[in-house]
Structure formats: C-alpha cells, structure tokens
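We use all heavy atoms of the structure for the numbers below, so side chains are in, but hydrogens, waters and symmetry mates are not. All figures in this text were calculated on a predicted structure; none of them were measured in a lab.
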Amino acid sequence: MPHFLFSLRPLSAVCLLVFAVACEAPKKDKAATAAPDNSAYPAAEGFNKAGSDAKAIAIADRVMEKMGGYPNWQKAHFLGWSFFGGQYQIWDKYTGDFHWQKDDLVANYNLNKKTGHAYKAGQDISNTEEGKQLLDKMYPTWVNNSWWLVMPFKLKDSGVTLKYKGPAKTRQGADADMLEMTFQNVGVTPDNRYEVLVNKATGLVDEWAYFPKATDAKPAFRRRWSDYSRHDGIMLAADRSDSTKTTRLDDIAAVQTLPAGIMTSPTPVTKIK
C-alpha cells in the first residue's frame, strides 16, 4: 500500500472497516426543516425520527447535554487530535478545512469542496500520483478519524435510525442503556451497525461495538469510550481500548482560534493545545 496510509497492522480489523459513519459534509449542523424540532438538541435534517424510538432519542438528548450541550458543540471551532499510526489532524468545523499530517506528508483539504493540496517534505506533490492518492483519501480519512473522536455528538445525524435495545452492562460492570445506530444512504459504508452503551449514572457513552454489516450477529470489535476531559466546553474521551490492548486518541484539543497559516501549512505543524 502507499506509504502515506497509517499502519494497519495493530488495528487492521478497525481502521479500514470503520469508514462507517453517518457523517455529512462538515458544516454546522442544520436542524430538521420538515418537522421543526424545538428540543435542546435538534435532530439534523434527514434523521429518521419516525423510525427511531422515543426512549432512544431521549437518551441521545441526555448524552448531548452531558457532553457539554448542543450550543457548545455548535460553537466548537477547531478540533485537533492524533489518530492511530502517527496521524495528526486539525478540523475546522466552521469551514470544513482539514489539515492532516504524518511524518513528512501533509494534506490541506476542504471537505465540502473535496479539493486541496498535498505536500512531502514541504514540496507540493498535488499533481503527482502519490499526491493524488493522498488527496483521494482525505475525505474517508476525515470520516473515519472524526467518528472515533466525536461519535456521541452524532447520534441524531442525517440518515441515522436510533433504537433502544434495553438495559446492559459494560465490560467494566457499569449499568448502561444500549442504543443501536443504523444508517440510510449516508456515510462511506452505510451498511454498518453500532451498539452504543450509555452509562445510566453519568449519561455518557462508556462503550461501543462495531458491526461491519447490520445483520452481523457478532461485532468486529467492542471497545471502551472513556477517559473524558473537557475541551472548550465539550467533553471528549481518549480511551478506545478493548479487552486485550490499550488504545488511545492523543493530543485532543478544541480551540476557538489558531495562529495564522496553520490550516495551509505545507509542513507539519505543532499540535494545538
């Protein structure tokens, strides 16, 4: 595989398969227009409210509240985080600009326009085969990597159907409510299914399970969603470990402003704090 891809050896069952997200093009969430939603957490246009359970929606609303609330999620501007395999990225939620870097490779890409520039050792390689392949990967890379960071904020996204599957226990023994997420005509691989375990006491997501196909009986993985900390008003979690291996997202940050030139830099930038 081209060397710009992150290493898949330790997480081969995860990183390629989780291009599964119901993420829309990254712009500020738009409330549904067909049926006005006056709740504190308005569903995105296209959320399958009719096919979702009222209890599941109420739990999703509580998750959003405990994560910092919908206004703070809307206000969040720049998100930075390190992903598996040495990737680091900064996402501008307002404009859809996405800065990605790994070793001496950099991509500056707009997720709405699906255009950008690729660099190697500071030199523009956008018109080379390597550069074109890198840029072609940027949208699915954002879909995958951002889903691992902000999934709890996406429970009422466009295309999502949300079901309540009953009480459950996390692997850590906590009492939880299990939500099931399925998707309709959205994301890079819309046939996926997720189980999301919400801690009854805290209202936060504690665990998630990923099914490559909605009909699969067993998940490809079940992982913790824990070690929360507050960043610019919203809660983000770092721990994605399973029962056998510790796995984390590092360098998580949310800020309102950046130094000039960060999102267009042709060379790797200092990680934001």
Short N-O contact, E130 and K120, less than 4.0 angstrom: yes
Minimum heavy-atom separation for A118 and D124, please, with both atom names. O-OD1, 3.3 Å
Whether the side chain of E180 engages the backbone of K165 through a donor-acceptor N/O pair (distance < 3.5 Å, no angle test) should be reported. no
Do E195 and R222 have side-chain heavy atoms sitting under 4.5 Å apart? yes
Looking at every non-hydrogen atom in both residues, tell me the closest pair between R230 and G68 and how far apart they are. NH1-CA, 4.1 Å
Rounded distance [0.5 Å steps], NZ in K156 versus NZ in K49: 7.5 Å
Could you check whether W142 and Y109 have their ring centres less than 6.0 Å apart? no
To the closest 0.5 Å, what do you measure between CZ (R224) and CG (D206)? 10.0 Å
D92 side chain reached by H77 side chain, heavy atoms, under 4.5 Å: yes
Please tell me if the side chains of N144 and F83 come closer than 4.5 Å, counting only heavy atoms from C-beta onward. yes
Is the shortest side-chain heavy-atom distance between L105 and I125 below 4.5 Å? yes
When clusters are formed by joining ILVMFWY residues with side-chain heavy atoms under 4.5 Å apart, either directly or through shared neighbours, do V198 and L236 land in the same one? yes
Are more than 12 heavy atoms from other residues, nucleotides or ligands located less than 6.0 Å from atom NE2 of H117? no
Going only through I, L, V, M, F, W and Y residues with side-chain contacts under 4.5 Å, is there a path from L197 to M151? no
side-chain contact (heavy atoms from CB on, under 4.5 Å) between Q87 and W100, worked out: CA-CA 7 Å; Q87 301 174 84; W100 176 96; 2.7 Å; yes
Kindly give the heavy-atom pair with the smallest separation between A174 and N199, and that separation in Å. CB-ND2, 3.6 Å
Same apolar cluster (I L V M F W Y, side chains within < 4.5 Å links), V160/Y70: yes
Under 3.5 Å, is there a donor on one side chain and an acceptor on the other for Q89 and N145? yes
List the steps and the verdict of side-chain contact (heavy atoms from CB on, under 4.5 Å) for F153 and M67. CA-CA 8 Å; F153 292 103; M67 293 286 289; 3.4 Å; yes
Between the CG atom in L134 and the OG1 atom in T141, the distance rounded to the nearest 0.5 Å is 8.0 Å
How many angstroms lie between CG in D157 and CE in M181, if you round to the nearest 0.5 Å? 7.0 Å
Given 3.5 Å as the limit, does a donor-acceptor pair link the side chain of Q256 with the main chain of K75, or not? yes
Nearest 0.5 Å please: distance from the NZ atom of K93 over to the CZ atom of F98. 14.5 Å
Is it the case that one hydrophobic cluster holds both V63 and I57, taking links as side-chain heavy atoms less than 4.5 Å apart, direct or via other members? yes
Quick one about Y210 and W147 (side-chain donor to acceptor, distance below 3.5 Å, no hydrogens or angles considered), yes or no? no
Below 4.0 angstrom, N of the basic side chain to O of the carboxylate: do K200 and D177 qualify? yes
Pairing of D53 and K55 as salt bridge, 4.0 angstrom limit: no
Counting only N and O atoms by type, is there a donor-acceptor contact under 3.5 Å from the side chain of R240 to the main-chain atoms of T247? no
Classify the side-chain pair N48/T161 by whether it contains a donor and acceptor separated by less than 3.5 Å. yes
NZ/NE/NH1/NH2 to OD/OE distance under 4.0 Å, K271 and D250: no
Decide yes or no on side-chain contact (heavy atoms from CB on, under 4.5 Å) for K66 and M235, but give the supporting numbers first. CA-CA 8 Å; K66 297 300 182 180; M235 299 291 285; over 6 Å; no
Centroid-to-centroid, W225 to Y194, below 6.0 Å? no
Quick one, W208 with F221, criterion side-chain contact (heavy atoms from CB on, under 4.5 Å). Give me CA distance, side-chain angles, the key distance, then yes/no. CA-CA 8 Å; W208 65 328; F221 69 74; 3.7 Å; yes
Between L79 and the options D232, L149, I90, the side-chain contact (heavy atoms from CB on, under 4.5 Å) test singles out L149
Donor-acceptor under 3.5 Å (D61 side chain, A40 main chain): no
If every non-hydrogen atom of D216 is compared with every non-hydrogen atom of F211, which pair is closest and at what distance? O-CD2, 3.5 Å
Between the main-chain N or O of T95 and the side-chain N or O of N110, is there a donor-acceptor pair closer than 3.5 Å? yes
To the nearest 0.5 Å, what is the distance between OG on S226 and CG on D239? 3.5 Å
In short, L135 meets G116 closest at the heavy-atom pair CD1-O, 3.5 Å
Would you kindly confirm whether W81 and M263 end up in one hydrophobic cluster when ILVMFWY residues are joined by side chain heavy atoms under 4.5 Å apart? no
Heavy-atom nearest pair, P268 first then Q101, reads CA-OE1, 3.4 Å
